[in-house]
Amino acid sequence: HVQLVESGGGSVQAGGSLTLSCSVSGNGDGSGYWCSAWFRQAPGQEREGVAAIYSGDGSAIYSDSATGRFTISQDTASKTVVLQLNSLKPDDTAMYYCAATLGGSRWPLQAADFGYWGQGTQVTVS
């Protein structure tokens, strides 16, 4: 049973930074071609894919809003996926969710492609 647990959200002023972490468990030795991603959802808005990283080669993709400001990375040894948020803007305020799927994903990221989700961590930028 795959479980994802996010941490690291909080409140920050515009221009500040936050580091979000997602701890993955229950996926055995992590073998297979996994795609791990971060989504966000602001009140009244649809869930938006922010960034994804692939276990095979560590390649990463970003939404337009994340490009140049956010960085996704993974530590296969600790089974952790990290999203570094820099130059934060008030528009970045949302609940951020970690997600994972075995196999590839469409782009733009589609929430329906991911079967495993964390509970979310709130990011508030003022």
Side-chain angles (χ1 to χ4, degrees):
H1 179 61
V2 178
Q3 289 187 311
L4 308 176
V5 179
E6 302 98 333
S7 61
S11 297
V12 65
Q13 292 187 338
S17 298
L18 284 172
T19 302
L20 307 184
S21 294
C22 175
S23 177
V24 183
S25 62
N27 63 339
D29 61 2
S31 61
Y33 188 73
W34 286 85
C35 175
S36 300
W38 287 92
F39 287 76
R40 67 184 183 185
Q41 188 168 22
Q45 297 188 19
E46 293 186 356
R47 193 165 293 192
E48 171 196 15
V50 173
I53 190 165
Y54 296 89
S55 64
D57 59 2
S59 59
I61 51 177
Y62 299 91
S63 67
D64 288 344
S65 62
T67 298
R69 299 189 301 126
F70 299 173
T71 303
I72 189 171
S73 61
Q74 61 185 4
D75 184 330
T76 54
S78 63
K79 294 186 178 182
T80 302
V81 180
V82 174
L83 185 67
Q84 178 66 39
L85 311 175
N86 295 327
S87 302
L88 283 163
K89 307 173 183 179
D91 284 350
D92 295 318
T93 295
M95 186 72 79
Y96 283 69
Y97 297 91
C98 180
T101 186
L102 189 61
S105 66
R106 292 173 284 176
W107 187 261
L109 291 173
Q110 302 294 318
D113 291 344
F114 291 81
Y116 304 105
W117 291 87
Q119 80 288 351
T121 185
Q122 178 68 38
V123 172
T124 302
V125 185
S126 60

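Numbering of residues begins at 1 and proceeds along the displayed sequence.
Of the inter-residue distances, the one linking Glu6 atom CD with Ser21 atom OG reads 10.0 Å to the nearest 0.5 angstrom. Expressed to the nearest 0.5 Å, how far OG of Ser36 lies from CD1 of Ile72 amounts to 7.0 Å. The line from CE of Met95 to OG1 of Thr124 is 8.5 Å long, rounded to the nearest 0.5 Å. Within the model, atoms NE2 of His1 and OG of Ser25 stand 8.0 Å from one another, a figure rounded to the nearest 0.5 Å.
Linking ILVMFWY side-chain heavy atoms closer than 4.5 Å, directly or via other members, places Leu83 and Val12 in a single hydrophobic cluster. With hydrophobic clusters built from ILVMFWY side chains whose heavy atoms lie under 4.5 angstrom apart, Leu4 does not share a cluster with Val81.
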Do Phe70 and Asn86 pass the side chain to side chain contact (heavy atoms under 4.5 Å, CB included) test, and can you show the C-alpha distance, the side-chain angles, and the key distance before you say yes or no? CA-CA 6 Å; Phe70 299 173; Asn86 295 327; 5.8 Å; no
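Between Ile61 and Trp107 the shortest side-chain heavy-atom distance falls below 4.5 Å. Residues Leu18 and Leu88 meet the side-chain proximity criterion, which asks for heavy atoms closer than 4.5 Å. Residues Thr93 and Val123 fail the side-chain proximity criterion, which asks for heavy atoms closer than 4.5 Å. Side-chain contact between Tyr62 and Ile53 is absent, with no heavy atoms from C-beta onward closer than 4.5 Å. Counting heavy atoms from C-beta on, the side chains of Cys35 and Phe114 come closer than 4.5 Å. Two residues are said to be in side-chain contact when any heavy atoms from C-beta on lie closer than 4.5 Å; Asp92 and Arg69 meet this criterion. Ser23 places none of its side-chain heavy atoms less than 4.5 Å from the side chain of Lys79. With contacts defined as side-chain heavy-atom distances shorter than 4.5 Å, the pair Thr80/Val24 does not qualify.
In terms of heavy-atom proximity, Val82 sits nearest to Trp38 at C-NE1, 4.0 Å. For the pair Leu109 and Ser105, the tightest heavy-atom approach, listed with the atom from each and the gap, is CD2-OG, 3.5 Å. Taking both residues in full, the closest heavy atoms of Ala94 and Ala42 are given as CB-N, 3.8 Å, listed atom of the first, atom of the second, then distance.
Within 6.0 Å of the CG atom in Asp64, the count of heavy atoms belonging to other residues, nucleotides or ligands does not exceed 12.
Side chain of Thr101 to backbone of Asp113: a donor-acceptor contact under 3.5 angstrom is found. With hydrogens and angles disregarded, a donor-acceptor distance shorter than 3.5 Å links the side chain of Gln74 to the backbone of Tyr54. A donor-acceptor pair is defined here as one N or O able to donate and one able to accept, closer than 3.5 Å; such a pair exists between the side chain of Thr121 and the backbone of Gly9. A donor-acceptor contact shorter than 3.5 Å is absent between the side chain of Gln122 and the backbone of Gly120.
With ring centers used as reference points, Trp117 lies under 6.0 Å from Phe39.
A side-chain N or O of Gln84 and one of Thr19 form a donor-acceptor pair less than 3.5 Å apart.
A cation-pi geometry, defined here as NZ or CZ lying under 6.0 Å from the six-membered ring centre and within 45° of its normal, does not hold between Arg40 and Tyr97.
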